[in-house]
Amino acid sequence: MKVAFLSSEVIPYAKTGGLADVAGALPKYLSPLGAEVRVFTPLYRAVKARRLRLEKVLENVPLEWRGETAHFSVHEHKADGFRADFIAFDPYYDRDGLYGTPAGDYPDNGLRFAFYARACLEAIKALGFRPDVLHGHDWQAATAFAYLKFVLSGDPFFQDTRSLFTIHNLAYQGLFEQALLAEVGLPGHLFNMNDLEFYGKLNFMKAGILYSSAVSTVSPRYSREIQTPEFGCGLDGLLRSRFRVLTGILNGVDYSDWDPSTDPRIPAAFGPGDLAGKARCKSGLLDMFELPAAAAKRPVLGMVTRLAGQKGLDIVCDALADIFRLGLAVVILGTGDQKIQDFLTAARVEHPERFGLKVAFDEKLAHTIYAGSDIFLIPSRYEPCGLTQMYALKYGTIPVVRATGGLEDTIVEFDERAEAGNGFKFAEPEPGPLLAALERALGIYGRPELWRALVGNAMAADFSWTRSARAYLDLYRALGGAAPA
Ligand code: ADP
């Protein structure tokens, strides 16, 4: 089984969110099951800066692009269990950000990622890597399915290639002006509502949903939610029409990266049998946020998150004063929305003894927050899967989450009588229910034996990739031998 993975971010090379974690981990777990995976991703400036040992496997590959011939090259890195093939085209990818700057998205993202998708197909051919499955992720890769169906349909090389499109977040669809369609070499007739038009715009994600053999999302619940107007982001009708080929497979955790007993990024190792190291992680965490050591007496609530409406940060801002009133210390690591940053920065000045804030993308600090906090808050308005609750569980940090998407699929409300469950949930995205869930958590925190039982349950949860990788392999096999629909 040969699989070509198309993902615009992949750990350990470049990451803005969970997509990178999945694209770097799933191939590694597919490989022992017998799949040969090559991951195609852009050669960003951030990747170049890592000075990896890359082998140039293709040079000067010509591609007709906007009336001229563009040339790109492909550089390969042997990763753990898969090969990463970087599409090098400096005019598009040699930039500071992956998708934009703090001021906003790059205005030519439509060109950048259509080129990426088109170049991937060209590279796959030039490498002679005849894929049984083309597995594309999110809108950045979605035009590959359109090229396959409308530009390369007669190409015998791809005759037996089936395709899977995975939606990691339906809210980011890649919307552009109509004129881009012709510019990127796709037929103009696709600009109609049954193809790629979406309320007067060109919608890249529709190409993935419409022209793939099957569509998946990253949790079973999210695959159902997106078929409703509330979560469908305007595409619920289209998704309902594809329900026969739409499934949800829960993301996994790569425990070789996320395990407190082996994690080199945290101040002290610990495991289910010995939590002494977790206390040291807590003091280390307070140090890193320059909070007084006395704060260690309080339960610490941590967050590692994009500062975005999706993640419910506005609810946190509204509830913050009451969260302090409950006696918690709070640490937040995140980047994103300027208004949220400003609010939190002002709150930090107001509560220097209780509130630590770092506006950055910082992998080491993220690990320390998972390890050193007592409670981990995820009040998302929607959550396709969510990885952070699964990381928190492994580090014995109790998730308090809004019951939606993958959060609903992975977190079970703690039942003190049965000592069953691994966290706390609330339904309405409002400060009141969030605070009530935190109070329930604190009620158990105040009874150390029960809290120990809860932490034990959390750390015992197993979301390893092996199971999900098997589900993907089954899905690949079920795609059958037909060419893309
Ligand atoms: P999403 O992809 O929607 O942002 P996920 O929960 O699927 O949410 O994945 C988020 C990933 O990004 C996790 O690995 C989390 O640790 C990481 N992350 C988010 N913000 C930061 C940050 N500021 N610094 C370091 N890691 C971060």
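Numbers here are sequence positions counted from 1. Predicted model only: the values in this text are computed from it and were never measured. Atoms within a ligand are numbered from 1 in the order they appear, just like the ligands themselves.
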Problem - Mutual orientation of the aromatic rings belonging to His135 and Tyr472 [parallel < 30°, tilted 30-60°, perpendicular > 60°] - result: tilted
Practice task
For the residue pair Tyr92 and Phe115, categorise the inter-ring angle as parallel (less than 30°), tilted (30 to 60°) or perpendicular (more than 60°).
Solution key: perpendicular
Practice task
For this output row, return yes or no: ring centroids of Tyr370 and Tyr391 closer than 6.0 angstrom.
Solution key: yes
Exercise for the section: Ignoring hydrogens and angles, tell me if any N or O in the side chain of Arg402 forms a donor-acceptor pair with the backbone of Ala427 under 3.5 Å. Expected result: yes
Problem - Tyr44 side-chain N/O to Ser8 backbone N/O, donor-acceptor pair under 3.5 Å - result: yes
Completion exercise
By side chain to side chain donor-acceptor pair (under 3.5 Å), Asn203 pairs with (sequence neighbours left out) Gln173
Show me a pair-per-line table, with atom names and distances to 0.1 Å, of protein N or O atoms that are under 3.5 Å from an N or O of ligand 1.
| from | atom 1 | to | atom 2 | distance (Å) |
| --- | --- | --- | --- | --- |
| ligand 1 | 2 (O) | Gly18 | N | 2.6 |
| ligand 1 | 3 (O) | Arg306 | NH2 | 2.8 |
| ligand 1 | 3 (O) | Lys311 | NZ | 2.9 |
| ligand 1 | 4 (O) | Arg306 | NE | 2.8 |
| ligand 1 | 6 (O) | Leu387 | N | 2.9 |
| ligand 1 | 8 (O) | Lys311 | NZ | 3.0 |
| ligand 1 | 9 (O) | Gly18 | N | 3.2 |
| ligand 1 | 14 (O) | Lys15 | NZ | 2.8 |
| ligand 1 | 14 (O) | Asp21 | OD2 | 2.8 |
| ligand 1 | 16 (O) | Tyr370 | OH | 2.7 |
| ligand 1 | 23 (N) | Ala360 | O | 2.8 |
| ligand 1 | 24 (N) | Asp362 | N | 3.0 |

